[in-house]
Every structure is written in structure tokens, then in C-alpha cells.
Participant: 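One structure is given below, represented as C-alpha cells, and several questions about it will come after.
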Amino acid sequence: MAILTGSCRLGLWHVHVAWQDDLVYRVRFSREGIAGPVPDAILRYCAGRPADLSTLRSVATEGETTFAKIYRAVREIPCGETRTYGEVARMVGTAPRAVGAAMARNPTPIVVPCHRVVAKTGMGGFSPDIEIKEALLAMERRGDVCTPEKGGVNR
DNA sequence: GCCACGCTATCTG
DNA sequence: CAGATAGCGTGGC
């Protein structure tokens, strides 16, 4: 069974995903879309519909390296909330700068929600475009995507 | 090996 | 308030 690749639309961008079953190998943003499937949770997320990204795993969180620990900590940030690089660093017992480096090299944004990690003063960075980070945070703060799927509380 | 990073606390004018 | 300085962990060269 080969690794699947596909993309879905997110505003002006396309989210490319390389994955297999519940394991995501690589996510990246591009101006161009490609044909192929993406995991249901990501599809829903990009559409701004209720999505549970915790059903997916990322290769980035495998292992006991410092980066893997950082990625696991970042995955625990609740949808709609943010943490600073420094807070994440203290969570895993490392330095803020290491967190910045880990985010910059995050192979699976969205699955590992690096957009929820912001600088102490301001936004911090995001590649390829800070605009994506702002859009994702705005969407999560709006709340729809965070709503549990089984028609629940919904504030 | 060395170096550039999506940072931050602290110190110095 | 602006600039310098030190400290982290990795991938790339």
C-alpha cells in the first residue's frame, strides 16, 4: 500500500498532504492544487467544518528527540487557543529558540498545530506566509471547526 | 563541524 | 525605547 498524496483548498492556498491510514508524513502549503485524496479530518478542517485532528498521527511526533517532544506538546494545545514559544519550551524542558526551530521545520503543519504557537510579543513567524497562520487562528477562534462532531454543546 | 534559524530574558545606554 | 548578548537543538552545507 503506497503513501497517498492529495490536496484540498484553503483560501488562496492548497494544502498538500502525504499520508497513509491515520499517519501523516508531510503537509505543505502551495498555490497549486493536485489531484488525490486527503484525510477526512483535514478536509473538514479546511472547509471550516467540525474536525477532530486528534484522529490523525504525525510522523513528527514519533521518537524521543527533543523535537518530537515539542511536537507532542504542541498537539495538546486546545483548538482556538494559543501558547507562546516560551511556554511550550517550559512544557518540554527546553529553550524557546529550540521551539522556534522545531516549528520552522515542522513537517506536518495543521496536524501538529504550529500556528497555535505565537511569539511572546506578537505573532511569531510562519512559512510560506504569515497570512495562513492568521487565517487559521481566526477560523479556530470563530469556533465552528472546534465544535465536537456529534452535535453537541456548541457553546 | 559550522551555521542559520518562526525566541526571550536581561542588561546597557 | 533601541541594541547587544547569551542560550537551544536540528537540518543543510
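Note on naming: letters A, B, ... go to the chains in the order of the sequence lines (proteins, then strands), and numbering restarts at 1 for each one. Being a predicted model, the structure only gives us computed values, none of them experimental.
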Participant: Tell me the interatomic distance from A:I132, atom CD1, to B:dG6, atom C1', rounded to whole angstroms.
Facilitator: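 Distance, rounded to whole Å: 13 Å.
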
Participant: Between B:dC5 atom P and A:I70 atom CD1, what is the distance in whole Å?
Facilitator: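 The distance from CD1 of A:I70 to P of B:dC5 comes to 18 Å, rounded to the nearest Å.
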
Participant: Checking all strands, does A:A98 fall into the base, sugar-phosphate, or nothing category for heavy-atom contacts under 4.0 angstrom?
Facilitator: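 Base: the residue A:A98, judged by heavy atoms under 4.0 Å, touches a nucleobase.
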
Participant: Can you tell me the pairing partner of B:dG6 across any strand shown, Watson-Crick or G-U wobble, with both distances under 3.5 angstrom?
Facilitator: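 WC or wobble partner does not exist here.
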
Participant: Return the value, rounded to whole Å, for the distance between atom CE of A:M103 and atom P of C:dG9.
Facilitator: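 Taking CE of A:M103 and P of C:dG9, I get 14 Å after rounding.
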
Participant: At 4.0 Å (heavy atoms only), tell me whether A:V99 reaches a base, stays on the sugar-phosphate, or touches nothing.
Facilitator: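 Answer is nothing: A:V99 stays at 4.0 Å or more from every strand.
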
Participant: On a whole-Å scale, what distance lies between the C1' atoms belonging to B:dT10 and C:dG9?
Facilitator: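 That atom pair is separated by 22 Å.
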
Participant: Of the options C:dC8, B:dG6, B:dT8, whose atoms approach the side-chain atoms of A:T84 most closely?
Facilitator: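 Between C:dC8, B:dG6, B:dT8, the one nearest the side chain of A:T84 would be B:dT8.
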
Participant: Of the nucleotides B:dC5, C:dG9, B:dG6, which has the atom closest to the A:R97 side chain?
Facilitator: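 Of B:dC5, C:dG9, B:dG6, B:dC5 is nearest to the side chain of A:R97.
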
Participant: Both A:T121 and A:R105 contact DNA chain B. Which one's nearest nucleotide lies toward the 5' end?
Facilitator: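 In this pair, the answer is A:R105.
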
Participant: Rounded to whole Å, please give me the gap between OH in A:Y85 and P in B:dT8.
Facilitator: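 Roughly 7 Å, once rounded to whole Å.
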
Participant: Whole angstroms only, please: what is the CE-P distance between A:M91 and B:dT8?
Facilitator: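 Interatomic distance, CE of A:M91 to P of B:dT8: 13 Å.
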
Participant: Could you work out which one of C:dG9, C:dC8, B:dG6 sits closest to the side chain of A:F67?
Facilitator: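 Shortest atom-to-atom distance from the side chain points to C:dG9.
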
Participant: Counting side-chain heavy atoms from CB outward, which of B:dG6, C:dG9, C:dG7 is closest to A:K133?
Facilitator: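 Closest nucleotide among those given: B:dG6.
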
Participant: In whole angstroms, how far is the C1' atom of B:dC7 from the CE atom of A:M123?
Facilitator: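 My rounded result for the distance is 15 Å.
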
Participant: Let me know the distance between CG of A:N106 and P of C:dG9, rounded to the nearest Å.
Facilitator: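 Between P of C:dG9 and CG of A:N106: 18 Å.
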
Participant: Between B:dT8, B:dC5, B:dG6, spot the one nearest the side chain of A:A119, thanks.
Facilitator: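 In terms of side-chain proximity for A:A119, the closest of B:dT8, B:dC5, B:dG6 is B:dT8.
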
Participant: May I ask you to decide whether A:R72 forms a salt bridge with A:E64, counting only side-chain N to carboxylate O separations under 4.0 Å?
Facilitator: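 Salt bridge present between A:R72 and A:E64.
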
Participant: For A:E62 and A:Y71, what are the C-alpha separation, side-chain angles and deciding distance, and is it a side chain to side chain donor-acceptor pair (under 3.5 Å)?
Facilitator: CA-CA 9 Å; A:E62 307 283 315; A:Y71 294 135; over 6 Å; no

Participant: C1' atom, B:dT8 versus C:dG11: distance in rounded Å?
Facilitator: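 Roughly 23 Å separates the two C1' atoms.
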
Participant: Do the non-hydrogen side-chain atoms of A:P78 and A:R83 ever get within less than 4.5 Å of each other?
Facilitator: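 A:P78 reaches A:R83 side chain to side chain.
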
Participant: A:K120 side chain: which of B:dA9, B:dC7, C:dC8 is closest?
Facilitator: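 From the listed options, B:dA9 comes nearest.
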
Participant: Does the A:W19 side chain pair with the main chain of A:P37, one donor and one acceptor, at a distance under 3.5 Å?
Facilitator: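 At least one qualifying donor-acceptor pair exists.
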
Participant: Does any N or O in the side chain of A:T65 come within less than 3.5 Å of the main-chain N or O of A:A68, such that one atom is a donor and the other an acceptor?
Facilitator: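 Such a contact is found between A:T65 side chain and A:A68 backbone.
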
Participant: Would you mind reading off the distance between A:K69 atom NZ and C:dT10 atom C1', rounded to a whole angstrom?
Facilitator: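 Whole-Å distance recorded here is 15 Å.
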
Participant: Tell me which nucleotide among B:dC5, C:dT10, B:dG6 gets nearest to the side chain of A:T66.
Facilitator: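 Selected nucleotide: C:dT10.
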
Participant: For A:G86, which contact category applies under a 4.0 Å heavy-atom criterion: base, sugar-phosphate, or nothing?
Facilitator: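 The residue A:G86 makes sugar-phosphate contact but no base contact.
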
Participant: If you check every side-chain atom of A:P96, which of C:dG9, B:dT8, B:dG6 has the closest atom?
Facilitator: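 The answer is B:dT8.
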
Participant: Can you list the steps and then say if A:E140 with A:R142 is a salt bridge (charged side-chain N to carboxylate O under 4.0 Å, His left out)?
Facilitator: CA-CA 5 Å; A:E140 292 187 356; A:R142 211 179 61 232; over 6 Å; no

